[in-house]
Amino acid sequence: MLTGIDHIQLAAPPGSEDRLRAYYAGVLGMREIPKPPVLAARGGCWFQAGAVQLHLGIDVNFRPALKAHPGLRVIDLDTYAARLQARGAVVTWDVDLPGHRRFYSYDPVGNRLEFLEPLGT
């Protein structure tokens with residue numbers, strides 16, 4: 001029986017770790033968590049905010065996820081969107097999900113991310 005999602009992994013190109021750290025920690029406000037040593041040797045980096053973990057793994061044949069994406073729940077979506085925009089991220093609002101407000105953005109290597117908040121929260 002499934003009980004939850006442990007983490008989401010996105011791919012990234014070799015040598016992009018500093019840009020990923022600047023974005024996921026500096027822009028999104030996540031904290032970097034250590035990778036186990038055997039996995040750290042592969043490159044990439046892991047981040048966490050509350051129970052949400054995003055793992056960014058290095059792929060020598062990297063292509064950004066332009067359609068597939070994690071959906072990340074946010075408290076105070078307008079403030080969060082303003083935070084991203086103030087740090088140079090493009091925010092694209094979307095009204096097509098009933099019961100939610102949401103926008104899309106992209107990480108520095110081009111992976112699509114969705115940020116959403118249920119209405120009435």
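Everything quoted here is computed from the prediction, not taken from an experiment.
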Exercise for the section: Start with the C-alpha gap between H100 and R73, add the side-chain angles, then the distance that decides, and say whether side-chain contact (heavy atoms from CB on, under 4.5 Å) holds. Expected result: CA-CA 10 Å; H100 293 78; R73 288 221 172 165; 3.9 Å; yes

Handout entry: Verdict with supporting geometry, L84 and F115, side-chain contact (heavy atoms from CB on, under 4.5 Å)
Key = CA-CA 11 Å; L84 269 64; F115 301 89; 4.0 Å; yes

Exercise for the section: Might you work through the side-chain contact (heavy atoms from CB on, under 4.5 Å) test for L113 and Y23, ending with a clear yes or no? Expected result: CA-CA 12 Å; L113 305 172; Y23 180 78; 3.6 Å; yes

Problem - Full working for side-chain contact (heavy atoms from CB on, under 4.5 Å) between W93 and L77 - result: CA-CA 11 Å; W93 289 93; L77 192 65; 3.5 Å; yes

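Contact detail for A11 and N111: the closest heavy-atom pair is O-ND2, 2.9 Å. When all heavy atoms of L66 and G110 are compared, the pair lying nearest together is CD2-O, 3.6 Å. Taking each heavy atom of I58 and S16 in turn, the nearest pair found is CD1-OG, 4.2 Å.
Distance check: I33 CD1 to H7 NE2 gives 9.5 Å after rounding to the nearest 0.5 Å. Atom CG of L20 is separated from atom CD of E32 by 9.5 Å, given to the nearest 0.5 angstrom. Atom-to-atom distance recorded for L72:CG and E114:CD is 8.5 Å, nearest 0.5 angstrom. Once rounded to the nearest 0.5 Å, the distance linking CD of Q85 with OG of S105 reads 8.5 Å.
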Contacts under 3.5 angstrom, residues 36-56 side chains, donor-acceptor by atom type, not counting sequence neighbours:
from: Q48; atom 1: NE2; to: G50; atom 2: O; distance (Å): 2.8
from: Q53; atom 1: OE1; to: H55; atom 2: NE2; distance (Å): 2.8

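Under the 3.5 Å distance criterion, the side-chain polar atoms of R112 are matched with a main-chain donor or acceptor of K67.
Every side-chain contact (heavy atoms from CB on, under 4.5 Å) that R87 has, sequence neighbours left out, goes to V27, R83. For D18, the salt bridge (Lys or Arg N to Asp or Glu O under 4.0 Å) criterion is met by R21, not counting sequence neighbours.
The shortest side-chain heavy-atom distance between R19 and P13 falls under the 4.5 Å cut-off. Side chains of Y106 and V91 form no contact here, defined as non-hydrogen atoms less than 4.5 Å apart.
With no hydrogens or angles considered, no side-chain donor-acceptor pair links D94 and Y104 at under 3.5 Å.
With respect to R101 and D78, a salt bridge is recorded, a charged nitrogen being found less than 4.0 Å from a carboxylate O.
Residue V60 is not grouped with residue V109 when hydrophobic side chains (ILVMFWY) are merged at heavy-atom distances under 4.5 angstrom, including chains of intermediate members. In terms of hydrophobic clustering, with Ile, Leu, Val, Met, Phe, Trp and Tyr side chains grouped at heavy-atom distances under 4.5 Å, L116 and Y24 are assigned to different clusters.
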